[in-house]
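Note sheet for the following structure.
Just so it is clear: chains get the letters A, B, ... in the order the sequence lines come, proteins before strands, and each one is counted from 1. Remember, predicted model here, so these are calculated numbers, not experimental data.
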There are 2 protein chains.
Amino acid sequence: MSSADHPGTGAPAAPHAQPAPFAPSAQTSLLTDRYELTMLQAALADGTADRHCLFEVFTRRLPAGRRYGVLAGTGRVLESLATFRFTDLELDWLREARVVDERTLDYLAGYRFTGSITGYAEGDVFFPQSPVMVVEGTFAEAVLLETLILSILNYDSAVASAASRMTSAAVDRPCLEMGSRRASETAAVAAARAAAVAGFAGTSNLEAGRRYGIDTIGTAAHAFTLLHDDEPSAFAAQVASLGVGTTLLVDTYDVRQGVRNAVAAAGTDLGAVRLDSGDLGIQAVEVRKQLDGLGATGTRITVTSDLDEYAIAALAAAPVDSYGVGTSLVTGSGAPTCGMVYKLVARSDADGVLQPVAKASTLKTSTGGRKSAARLFGDDGRAVAEVLVTGADDVVSAWEPGDDEDLRPLHVPLVVDGAVDSRWIGAYGVHNATQRHAEARAELPRGARRLSAGDPALPTVTRRVD
Amino acid sequence: MSSADHPGTGAPAAPHAQPAPFAPSAQTSLLTDRYELTMLQAALADGTADRHCLFEVFTRRLPAGRRYGVLAGTGRVLESLATFRFTDLELDWLREARVVDERTLDYLAGYRFTGSITGYAEGDVFFPQSPVMVVEGTFAEAVLLETLILSILNYDSAVASAASRMTSAAVDRPCLEMGSRRASETAAVAAARAAAVAGFAGTSNLEAGRRYGIDTIGTAAHAFTLLHDDEPSAFAAQVASLGVGTTLLVDTYDVRQGVRNAVAAAGTDLGAVRLDSGDLGIQAVEVRKQLDGLGATGTRITVTSDLDEYAIAALAAAPVDSYGVGTSLVTGSGAPTCGMVYKLVARSDADGVLQPVAKASTLKTSTGGRKSAARLFGDDGRAVAEVLVTGADDVVSAWEPGDDEDLRPLHVPLVVDGAVDSRWIGAYGVHNATQRHAEARAELPRGARRLSAGDPALPTVTRRVD
């Protein structure tokens, strides 16, 4: 047999004229499930598209054993609204692919979200049923946003929820995000941002630095050492170009010799050495001793090999100065997406009166009606419950907290009549979300930060006011 | 206590002037780890940036228990090269953030990849150590692509690897991709594309349809039923607008009544009903019987609730016509990323002679030198081994297959001296990859398609020719 017997070697039989690949779109509008548009078409046809609707974003459960979730992505949702437009590029394709009819295309051509969005502040913690975002507008304008909002919140919150466990385990040692290569290329930017919200001190991802002002970090990989004739010449080149404050990767050949070469190249003011393989705890102790013996007592040790929150916790007693985290972070440490859903909870009827609605069959039930959310605090200032009230706009009055209790409403305005509140977007939004997360996590019951599996740190208590 | 005692409610104290959020970039060049650029700076300074280099992409292992991996994303890598440019937008930020020096910025301003890339055809299967892509060029031009290439291949291949198990379990029933909301918004497009490579028949993601010509699917969600006064009016509206061939979602209230309402609205030519909750196997039997009893014998049943390859296999005997898969697909069914790495395996020395190089310390070793890859087939036409040869360009001559054996080289040219082979990009690239995958999977040993955990379906055999 010869290779020619296998026509399927992979190469198509002959090159042929290939149309240019797709024109890039600057819009977010087609990052959307087809059924949002076909529902729109049917609703425009029968007049229900104008019904006023409330869609609520929440999750039915946390990943198994997790004590709390961390909301991230809110700022990105708001940023994406500005490019949720149907230009000729998108409309022409929708027409050509016969996705929807001309009437619907006309509607899409003029689409702007003119409704309102409230939600938890980005960075806040959440629990099962927490209404982390509420989108209000006509059915037509609100239903179109479902896929994009869920895509952003589900991934970003999955990363932030894992990241918070890592920064919690690291206590006051910096965690650095280095997972870009283990996430889809633009998801990587979102992951770096979500990690920053949950307290990561820096990222390797340059675009995350550019967009959100997050500190970027990184110096060299093993390839740089291998590029050179030997390790001393590689280290000399790096120090000459990046300064003695750089971080030298010392485990390409032999760690002990690597540390000697590193201090020989940079002197005792060497910024840091990085360990990327082996038993990090044992190696860190040996390297610390060696560095101190060489007089490099201020040289830091950073470790970066397949860390997750458990590995970080296990290194608490080791002389490690910072943690670089990749795969586990950007994949949510076992929970790579949240289960957030976007559910219609109320809509106006033919008379314009808002009516609660809910799916009734089997297990995937939900509670209809507008919900107000608040966190209840005991007299020690720690949170004791997540409180949801339906049927009343003023959650504090409806719940009537006791004298020793404090009830803090959790919904903040994000978009009012189509106008985005700029405090939540861009670099400033990330900054605010990072602060919010630090505060919200500090207020949780002490057990909330344990890494072991358990129940949600707060019970979700619902009350219906009629 | 009052709410005012909690300054951290989430809203910053007062609105303040917020700079406009980041300017969008049309380039892929900053989807890159910072250290690629700092290594470039140091290598430009000491003259090693011009050394000719070979970087190899491979994984050390498959996810636990998996029998094979599926390569996806190759076409997207090639598409992304066209926008891997450093325009003023990127350069200005790199300068402002002091990422690299002026000399490096000058280099980046003129950056074009002028090297060559070979690799497995997209859609082919891979095993531990399979060199699925080989990037060859100067250190400067090749090192910059590391992060982007790995981001794309690691995610896309994770999805395709899971998708292949699902289409395999579904046998000849169509699988439909519906996971956009459980993946980061642009990762969702990549996921839809990777699923198509592995045999999925359609996707809910509109942008994937626009970019890659993948069939898009979807009709309505529970929200559409809830929007209406009752289920009959919702179904009537949907059928009026989308036709009797549409798919009606029958489990918003009561499935039995839902099926009755569906056939009442559309007649016995109703295209399909969708079940999104409950025990799908039992429900499918009941619904099939009910549909047949109503005369809707041609109406199909599609199921969509938290399916993965095991759930699909468990429904093999149920009267289900298609499977909609979401979360499990876009998160790689437990393996949300591949462990592919981008390793320098050879580089020229000061005399211009190509030398194999490899990291030597601890467990993360790799094999230096250029590798040729081939798949070995027995006389029944089924694959028996993955063959890697170092030190010889002609893998067939180096291996000398026996009379009953066939050895098929696996590397195809993807980029030659900077010119992308257009057969691998755009919609045509997806089409070719889909074909390649079907063929490659069909050639695996029969046990390869079992869902249970086991060893890789093929052993990876390496030979060094000196």
- Task: Tell me, with the steps shown, if H228(A) and D46(B) meet side chain to side chain contact (heavy atoms under 4.5 Å, CB included).
- Result: CA-CA 10 Å; H228(A) 287 81; D46(B) 85 338; 2.6 Å; yes
- Using a cut-off of under 4.5 Å on heavy-atom pairs, state which of T219(A), V99(A), L150(A) scores highest against chain B. T219(A)
- Task: Mark yes or no for whether Y155(A), through its side chain, and V330(A), through its backbone, hold a donor-acceptor pair below 3.5 Å.
- Result: yes
- Point-to-point distance, once rounded to the nearest 0.5 Å, from OG1 of T203(A) to CE of M178(A): 9.0 Å
- Checked L206(A), L30(A), V239(A), T216(A) vs chain B; the most non-hydrogen pairs under 4.5 Å come from L206(A)
- Interface check, chain A: of A440(B), A223(B), G75(B), most non-hydrogen pairs under 4.5 Å belong to A223(B)
- Query: Are any side-chain N or O atoms of E207(B) and backbone N or O atoms of V189(B), one a donor and one an acceptor, separated by less than 3.5 Å?
  - Reply: no
- Message: For the backbone of L242(A) and the side chain of Q41(B), can you confirm whether one donor and one acceptor N or O come within less than 3.5 Å of each other?
- Response: no
- Query: Non-hydrogen atoms of chain A under 4.5 Å away: do they reach the side chain of E146(B), the backbone, both or neither?
  - Reply: side chain
- So which of R51(B), M39(B), R375(B) has the largest heavy-atom pair count under 4.5 angstrom toward chain A? M39(B)
- Query: Taking T38(B), N205(B), L227(B), T186(B) one by one, which has the highest count of heavy-atom pairs under 4.5 Å against chain A?
  - Reply: L227(B)
- Go through the atoms of Q435(B) and report whether side chain, backbone, both or neither lie under 4.5 Å from a heavy atom of chain A. neither
- By a 4.5 Å heavy-atom criterion (distance strictly below it), what part of A190(A) contacts chain B: side chain, backbone, both, or neither? side chain
- Could you tell me which portion of R347(B) (side chain, backbone, both or neither) has an atom closer than 4.5 angstrom to a non-hydrogen atom of chain A? side chain
- Query: Given the options L226(A), N154(A), L31(A), which has more heavy-atom pairs under 4.5 Å with chain B than any of the others?
  - Reply: L226(A)
- Examine whether an atom of Y120(A) lies under 4.5 Å from a heavy atom of chain B, and if so say whether it belongs to the side chain, the backbone or both; otherwise answer neither. neither
- Side-chain contact, heavy-atom cut-off 4.5 Å: P401(A) with D406(A)? no
- Item | Heavy-atom side-chain proximity of T28(A) to E185(B) below 4.5 angstrom | no
- Please flag which part of A237(B) lies under 4.5 Å from any non-hydrogen atom of chain A: side chain, backbone, both or neither. both
- Item | Proximal component of F224(A), with respect to chain B [non-hydrogen, under 4.5 Å] | both
- Should D124(A) and L410(A) be marked as a side chain to side chain contact (heavy atoms under 4.5 Å, CB included) after you check the CA-CA gap, both sets of side-chain angles, and the distance that decides it? CA-CA 9 Å; D124(A) 210 337; L410(A) 294 170; 3.6 Å; yes
- Is it the side chain or the backbone of T225(A) that comes within 4.5 Å of chain B heavy atoms, both, or neither? neither
- Between D33(A) and chain B, which part of the residue has a heavy atom less than 4.5 Å away: side chain, backbone, both or neither? both
- Give the member of G123(B), A42(B), A26(B) that has the highest number of heavy-atom pairs under 4.5 Å with chain A. A42(B)
- Task: Could you tell me whether E79(B) and R76(B) make a salt bridge, using a distance below 4.0 angstrom between a side-chain N and a carboxylate O?
- Result: no
- Who wins among S204(B), A350(B), G218(B), P24(B) for the most heavy-atom pairs under 4.5 Å with chain A? S204(B)
- side chain to side chain contact (heavy atoms under 4.5 Å, CB included) between F22(B) and I425(A), worked out: CA-CA 10 Å; F22(B) 57 87; I425(A) 63 175; over 6 Å; no
- Item | For chain B, the option from A240(A), G209(A), C53(A) that forms the most heavy-atom pairs under 4.5 Å | G209(A)
- Message: Does this structure show an ion pair linking E90(B) with R210(A), if we count only N-O contacts that are shorter than 4.0 Å?
- Response: no
- Item | Part of L44(A) lying under 4.5 Å from any heavy atom of chain B | neither
- Does any heavy atom of chain B fall under 4.5 Å from the side chain of V143(A), the backbone, both, or neither of them? neither
- Task: Could you check H222(B) against D251(B) for side chain to side chain contact (heavy atoms under 4.5 Å, CB included), going step by step and ending with a plain yes or no?
- Result: CA-CA 8 Å; H222(B) 295 111; D251(B) 69 344; 2.7 Å; yes
- Task: Report the distance from atom CD of E36(A) to atom CZ of R181(B), rounding to the nearest 0.5 Å.
- Result: 6.0 Å
- Item | Interface residue of largest heavy-atom contact number with chain A, from G179(B), A183(B), A45(B), A221(B), under 4.5 Å | A221(B)
- chain B shares the most heavy-atom pairs under 4.5 Å, among I149(A), T48(A), T246(A), with T48(A)
- Item | Donor-acceptor contact present, side-chain R182(A) to main-chain T331(A), <3.5 Å | no
- Query: Heavy-atom distance under 4.5 Å to chain B: side chain of F55(A), backbone, both or neither?
  - Reply: side chain
- Message: Heavy-atom pairs under 4.5 Å with chain B: which of T147(A), I217(A), D349(A) has the most?
- Response: I217(A)
